[in-house]
Amino acid sequence: MDIHHHFDLSSRNTLALAARARHYVSVSDLDSARAALQFARDRRLPITVLGAGSNVVLAGDLPGLVIHMAIRGRRVVDERAGQLELEVGAGEDWHDTVEYCLQRGWYGLENLALIPGTVGAAPVQNIGAYGVELESRLQCLTALELATGRIRHFDRAACGFGYRDSVFKREERDRWLIASVRLSLRRVPAPVLDYPALRDALGDRPAGDISPEEVARAVMALRRERLPDPEQTPNAGSFFKNPVVTEARARALGVRHPGLVTFPAPGGGVKLAAAWLIERCGWKGVQQGGAGVHERQALVLVNRGGGADALLALAGAVRASVAERFGVELEVEPRILGGQWP
Ligand SMILES: Cc1cc2nc3c(=O)[nH]c(=O)nc-3n(C[C@H](O)[C@H](O)[C@H](O)COP(=O)(O)OP(=O)(O)OC[C@H]3O[C@@H](n4cnc5c(N)ncnc54)[C@H](O)[C@@H]3O)c2cc1C
C-alpha cells in the first residue's frame with residue numbers, strides 16, 4: 001500500500017482548491033481498499049472518499065486518510081432478451097463508460113454523456129442530466145463498510161434515491177466505500193427526448209429516427225456550449241440544487257415574479273430554476289474576491305484564484321440575496337469538506 005503524507009489535493013479536485021490530505025492512498029482493488037480501511041482503523045483516522053473531485057469543495061486540509069477510488073474494470077454479468085447488466089469498477093471514468101457502452105450498442109446512458117467524475121460517485125448524488133437520472137439505469141451496487149470492511153450489496157430501493165440525493169448523502173453518509181456499480185442497459189434504443197433543449201437540438205424528426213449516438217452527441221454539444229471546462233475554468237458544475245417547492249408556492253411566486261422558470265419535479269412538486277433566481281438577483285458574470293459566477297451559466301461558481309474562502313463567501317452572498325428576494329433557500333450541491341459552512 002502506497003500511503004502518501006501531507007498530500008497536495010489541488011490537482012485532485014476540479015475547483016483546483018489548494019488543500020492537503022494528512023494521509024492519502026489510491027486503491028485499485030478490494031484488497032488494497034481493505035488494507036486502507038485497516039490503516040485508518042489502527043490509527044483512528046477519519047476517512048474521506050474521493051473520486052475525481054468534481055463534486056466537492058475542499059474548504060481546508062483533510063485531517064485523516066483520503067481514499068482515492070481507482071478500482072477499474074467492466075464486465076457483463078447478465079444478458080437477457082434485449083437487456084444486459086454491466087458491472088463497472090467504481091474508479092472507472094463515468095463518461096468513458098458511457099462511450100464504451102455506446103460503442104457496443106448498449107443503450108440507456110446517452111443523456112448522461114460528459115458528466116465528469118467516477119462511476120462510484122454517480123449513485124452518491126444520483127447524477128442526472130437532460131431528462132435522465134442514474135436511478136433509472138442502476139440495478140444495484142457493492143460497497144465496503146468504512147468501519148469494518150464488510151461488504152454490502154445495495155439494490156436500487158436501498159439506495160433511497162431522490163433528486164441529486166441518495167442514502168449516501170443522508171442516513172448512510174460517510175459509512176461506505178462504493179466499489180462497483182451494476183447498470184441495466186438495453187440493446188434496443190429507446191431515446192429519452194423529453195428535455196426541451198435536447199429535443200430542439202435534434203430538430204423535429206420522429207424519435208424513432210434518432211439514434212442514441214446522435215442523442216449523446218447533441219448532449220455533449222449542449223454541455224460544451226453551456227458549461228465551462230474545469231481544465232480551463234476551475235468549477236464543480238452546478239453549485240446549487242434547483243429548489244423544489246409545492247405547486248401552490250410556485251404559482252404564488254410566478255404571480256409575483258413573471259417569467260419564473262419552473263419544471264415538474266420527478267418526485268412531485270415543482271422545481272424552480274436556480275440559475276434564473278440567481279440571474280434575477282444580478283449575479284451572472286459577477287467576480288468577487290477571486291471567485292465568480294460564470295458569465296454563461298449562473299448556477300456555476302468558478303475559482304478565479306481566491307480559493308475556498310472567496311468561493312464560499314460568494315456562495316453565501318448569492319444564497320442570501322436569493323432568500324431575500326424570493327424567500328427561497330438555495331441548497332449547495334457539492335459536498336463541502338475540511339471546513340465549516342455556516
Ligand atoms: C463541469 C461539471 C459538470 C457537471 N455536471 C453534472 C450534471 O450534469 N449532473 C450531475 O448530476 N452532476 C454533475 N456534476 C457533478 C459531478 O460530476 C458528479 O456529482 C459526479 O458524480 C462526481 O464524481 P466524482 O468522482 O468527481 O466525485 P467526488 O467529487 O470525488 O465525490 C463526490 C462525493 O461522493 C463521495 N464519493 C466519491 N466516490 C465515492 C465512492 N466510490 N464511494 C463512496 N463515496 C464516494 C465523496 O466522498 C463525495 O462526498 C458536474 C460537475 C462538473 C465539474
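Every number for a ligand or one of its atoms is a count from 1 in the order of the listing.
For the pair Asp29 and Arg34, the salt-bridge criterion is not met [side-chain N within less than 4.0 Å of a carboxylate O]. A salt bridge links Arg182 with Glu85: at least one charged nitrogen is closer than 4.0 Å to a carboxylate oxygen. Ion pairing between a basic and an acidic side chain is recognised when a charged N comes within 4.0 Å of a carboxylate O; Glu214 and Arg217 show no such pairing.
Between Glu133 and ligand 1 there is no heavy-atom distance shorter than 4.0 Å.
Residue Leu50 has no N or O atom closer than 3.5 Å to an N or O atom of ligand 1. For ligand 1, one of its N or O atoms has an N or O atom of Gln125 under 3.5 Å away. In terms of N/O distances under 3.5 Å, ligand 1 is not approached by Thr14. Not one N or O of Gly237 is nearer than 3.5 Å to an N or O of ligand 1, by distance alone. The N/O atoms of Ala52, backbone and side chain alike, include one that comes under 3.5 Å of an N/O atom in ligand 1. Below 3.5 Å of separation, one finds an N or O of Gly53 facing an N or O of ligand 1. Checked by distance only, ligand 1 and Thr48 stay at 3.5 Å or farther apart across all their nitrogen or oxygen atoms. For Ala129, no nitrogen or oxygen atom sits less than 3.5 Å from a nitrogen or oxygen atom of ligand 1, counting backbone and side chain alike. Among the atoms of Glu333, none of the N or O lies under 3.5 angstrom from an N or O of ligand 1.
Nearest protein heavy-atom neighbour of atom 30 (O) of ligand 1: Gly51 N, 2.7 Å. For atom 41 (N) of ligand 1, the closest non-hydrogen atom of the protein is Ile178 O, 3.0 Å. Distance from atom 5 (N) of ligand 1 to its nearest protein heavy atom, with residue and atom name: Arg223 NH2, 2.8 Å. Protein heavy atom nearest atom 21 (O) of ligand 1, with residue, atom name and distance: Ile127 CG2, 3.3 Å. Nearest to atom 45 (C) of ligand 1 among the protein's heavy atoms is Val49 CG1, 3.7 Å. Protein heavy atom closest to atom 7 (C) of ligand 1, with residue, atom name and distance, is Gly128 O, 3.6 Å. In terms of protein heavy atoms, atom 31 (O) of ligand 1 is closest to Val56 CG1, 3.9 Å. Remark: minimum distance from atom 29 (O) of ligand 1 to any protein heavy atom is reached at Asn55 N, 2.7 Å.
The 12-atom threshold is exceeded at CD of Glu145, counting heavy atoms of other residues, nucleotides or ligands nearer than 6.0 Å. Within a 6.0 Å sphere centred on CZ of Arg170, other residues, nucleotides and ligands contribute more than 12 heavy atoms.
For Asn235, heavy-atom contacts with ligand 1 shorter than 4.0 Å involve the backbone as well as the side chain. Counting heavy atoms closer than 4.0 Å to ligand 1, residue Ser54 contributes atoms from both its backbone and its side chain. With a 4.0 Å cut-off on non-hydrogen atoms, Phe168 does not touch ligand 1 at all. Counting heavy atoms under 4.0 Å from ligand 1, residue Lys169 does not touch it at all.
Atom 38 (N) of ligand 1 has its nearest heavy-atom neighbour, among Pro230, Ala121, Ala143, Ala179, in Ala121. The heavy atom nearest to atom 20 (C) of ligand 1, considering only Ala236, Ala33, Ala122, Pro116, is found in Pro116. Among Asp93, Val124, Val57, the residue whose heavy atom sits closest to atom 35 (C) of ligand 1 is Val124.
With no hydrogens or angles considered, no side-chain donor-acceptor pair links Thr118 and Trp94 at under 3.5 Å. Defined by atom type and a distance below 3.5 Å, a donor-acceptor pair is missing between the side-chain atoms of Gln83 and Arg187. The closest side-chain donor-acceptor pair between Arg41 and Gln38 falls under 3.5 angstrom. Inspection of the Arg280 and His257 side chains reveals no N or O donor paired with an N or O acceptor under 3.5 Å.
We find the CZ-CD distance between Arg156 and Glu135 to be 8.0 Å, quoted to the nearest 0.5 Å.
Ring orientation note: the planes of Phe326 and Trp276 are tilted relative to one another, at an angle of 30° to 60°.
Taking the six-membered ring for Trp and the full ring otherwise, Phe39 and His23 have centroids separated by under 6.0 Å.
Remark: ligand 1 atoms within the under-4.0 Å shell around heavy atoms of Gly117 are 23 (O), 24 (P), 25 (O), 26 (O).
Here the side chains of Tyr163 and Asn242 are in contact, with some heavy-atom distance below 4.5 Å. At a threshold of 4.5 Å between non-hydrogen side-chain atoms, the residues Leu277 and Val328 count as touching.
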